[in-house]
Amino acid sequence: MYSGEIKLKKVLEQIKIRELDGIIIFSDGTCSILRPSYLHYFSEFRPMGKRNAAVISKSGKTVLLVEPYWDRIRASKKTWIKDVRGAKDFVKELKEIINELGIKEKVGVIGSKEMNNSLYKEIKKDIQIIPTDEIIEEIAKEKTEQEIKIIRKTAEIADLGAEAFIRHTRVGIREYELVSEIEFEMRLNGADDIFILLSSGKHNSEMHEPTDRRLTKGDIIICEITPVCEGQFIQVCRTVVLGSPDPVLMEKYLLLVYALEESLKKVRSGEPASLIPITMNQIFSKEGYSKYCAPPYMRSRGHGFGVGSIAPGPEITENMETILEKHQVIAIHPNQYLPETGYLACGETIMVTDEGYERLTKTETKLYIKGV
C-alpha cells in the first residue's frame with residue numbers, strides 16, 4: 001500500500017468515527033516552519049495559490065481543487081489524487097464538488113484557520129462545519145517509510161547547508177552573500193524552500209535576517225539553517241569564529257554543547273518533553289546564568305517540526321505536559337546569550353525513538369574556527 005492509500009484509509013476511518021459526510025482539507029499556500037501544511041501532507045502536492053482544497057467523501061471519492069487554474073497540470077504530476085481540477089471560480093466550484101460528493105449535513109474542515117472569513121461563511125451557509133485539524137496531526141504521528149526517507153533526505157540537505165556556511169564564512173563576505181551560498185547549495189540538492197537566520201559581530205544579541213554587513217576578523221558568526229523538502233523540515237544551528245577565539249568563547253561554547261548532550265539523554269518515547277528545557281536551564285543556572293534562561297536572552301530550547309510533531313510545532317517549555325512519541329521530529333537547541341560572549345548558536349534536529357533518539361544531521365556540533 002503506497003502512502004496516499006494509507007493516508008486516505010486513515011482519514012476515512014476518522015470520517016466514520018466522527019459521523020461526518022466528508023472532509024475538506026484547505027491550504028492558503030503558505031509554507032512555514034511554524035505552521036505545517038495539512039493539504040501538502042495529505043495530497044503530497046505543495047500549492048502555490050491562496051485557495052486550494054482536497055475534498056473527501058465518506059465513500060472515499062477524493063477531489064483536489066487548485067488555484068490558479070493552470071496549476072492543475074503541475075498538481076496532477078505531484079499528487080496521488082486522481083481527480084485534480086483547476087479553479088476559475090474557487091468558491092462556486094468548491095461548493096459544487098461538496099454537493100457532487102454527497103456532503104450535505106456535516107463536513108470536517110482541516111486548515112480552517114487558513115480560510116478567509118468570506119469563504120468560511122459561504123461554505124457554512126449550506127452545511128455544518130466541524131474544525132478537525134487534529135485528524136491530520138493524529139494520523140501523521142505514525143510515519144510511513146516514504147516520510148522517514150524524505151526526513152533523512154532533508155537532513156542530508158541541512159548538513160550540506162551547514163557545510164556551506166562553514167566553508168564560505170570568511171573576512172570580507174557580506175551576510176547576505178554568505179546566506180546566498182548556503183541557499184544555493186541546499187537548493188542545488190533538492191530543497192523546496194529555505195529559512196535562514198544569521199548574525200555576525202564581536203558580540204551578537206540575536207539572529208536575524210541577513211544584512212549587507214561585511215564579516216571582519218574576530219567576528220562570531222551564528223546561523224540557523226532550515227531547509228524544507230517535500231513538506232519535511234530539518235534545522236541545524238552553528239557558530240563560526242573568524243580568527244583565534246578567546247579562551248572564554250571556547251569555554252562557553254562547550255557549555256552549550258554540554259547542555260545539548262545532557263538534554264538529549266532525556267529524549268525517549270514516553271518521556272515528558274519538558275525534561276529538555278528543564279535540563280538545559282538547570283545546567284545554565286548552575287553556572288550562574290539563571291537570569292539568562294528567559295527571553296530576550298534566549299528564544300526557545302526547542303520546538304516541533306512539521307505535521308505529526310509536537311503539534312502544531314510550538315516551543316518546548318518547562319511547563320508543557322506533552323509526552324514525547326515515537327517518530328516525532330523535533331529541533332533541540334540551547335541557543336543562548338551569555339554576557340561574556342554574546343549570543344551563540346548550537347542545535348540539532350532529532351527523531352524520537354523507543355530507545356532514545358536518532359540524530360538526523362551529521363555535521364559535528366562544535367565551535368568552528370576559520371583562520372584569517
Side-chain angles (χ1 to χ4, degrees), residues 3-4 7-8 10-11 14-15 20 22-57 61-98 101 103 107-124 127 129-140 147 150 154 191-195 226 228-233 304-309 311-313:
S3 61
K7 293 170 185 175
L8 179 58
K10 290 179 178 179
V11 167
Q14 290 298 317
I15 289 175
L20 301 170
I23 280 179
I24 299 169
I25 306 175
F26 183 83
S27 172
D28 64 3
T30 299
C31 177
S32 169
I33 63 174
L34 299 177
R35 192 184 76 195
S37 172
Y38 297 126
L39 180 60
H40 189 178
Y41 169 81
F42 179 77
S43 69
E44 298 173 9
F45 155 74
R46 179 182 168 188
M48 64 172 63
K50 292 185 177 181
R51 295 184 296 185
N52 308 268
V55 186
I56 306 104
S57 73
K61 184 168 175 55
T62 304
V63 178
L64 178 62
L65 182 66
V66 302
E67 193 180 59
Y69 175 80
W70 45 260
D71 201 28
R72 72 192 189 284
I73 299 172
R74 181 178 69 93
S76 297
K77 294 177 180 179
K78 293 288 185 180
T79 185
W80 55 268
I81 299 171
K82 302 301 182 185
D83 191 346
V84 180
R85 308 178 191 182
K88 293 183 178 179
D89 184 334
F90 186 86
V91 177
K92 177 176 177 288
E93 291 168 52
L94 178 61
K95 293 180 73 174
E96 287 174 352
I97 292 169
I98 292 170
L101 299 190
I103 302 172
V107 65
V109 175
I110 298 171
S112 60
K113 292 179 181 178
E114 298 183 44
M115 287 184 177
N116 60 36
N117 195 45
S118 60
L119 174 58
Y120 190 90
K121 284 184 175 180
E122 193 63 35
I123 298 170
K124 197 176 179 180
I127 194 167
I129 291 178
I130 312 294
T132 50
D133 284 4
E134 69 278 4
I135 288 177
I136 295 294
E137 288 291 350
E138 188 62 34
I139 69 174
E147 287 171 319
I150 295 169
T154 311
D192 301 323
D193 211 336
I194 296 164
F195 302 90
T226 311
V228 186
C229 183
E230 298 182 53
Q232 300 295 339
F233 300 76
F305 249 160
V307 184
S309 186

For the pair R51 and F26, evaluate side-chain contact (heavy atoms from CB on, under 4.5 Å) and give the outcome as yes or no after the intermediate values.
CA-CA 7 Å; R51 295 184 296 185; F26 183 83; 4.0 Å; yes
Measure across V11 and I139 and return the closest heavy-atom pair with its distance rounded to 0.1 Å.
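Closest approach of V11 to I139: CG2-CD1, 3.9 Å.
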Rounded distance (nearest 0.5 Å) linking atom OG of S43 with atom CG of L8:
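It comes to 12.5 Å.
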Gap between atom CD1 of I97 and atom OG of S57 - 0.5 Å precision
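One gets 12.0 Å once the value is rounded to the nearest 0.5 Å.
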Distance-only check: which donor-acceptor pairs under 3.5 Å involve side-chain atoms of residues 117-124, not counting sequence neighbours?
| residue | atom | partner | partner atom | Å |
| --- | --- | --- | --- | --- |
| S118 | OG | N116 | OD1 | 3.0 |
| E122 | OE1 | K125 | NZ | 3.2 |
| E122 | OE2 | K95 | NZ | 3.0 |

Strictly below 4.0 Å, N to O, side chains only: are R46 and D193 in salt-bridge contact?
yes
Check the surroundings of atom NZ in K78: do more than 12 heavy atoms from other residues, nucleotides or ligands lie under 6.0 Å from it?
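It does not: K78 NZ has 12 such atoms or fewer within range.
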Counting N and O atoms only, with roles assigned by atom type, does the side chain of [X] sit under 3.5 Å from a partner on the main chain of [Y], one being a donor and the other an acceptor?
X	Y	answer
D83	T62	no
Q232	E147	no
K10	E138	no

Residues in side-chain hydrogen bond (donor to acceptor under 3.5 Å, both in side chains) contact with Q14, at least two apart in sequence or another chain
R18
Applying salt bridge (charged side-chain N to carboxylate O under 4.0 Å, His left out) to D89 and not counting sequence neighbours gives none
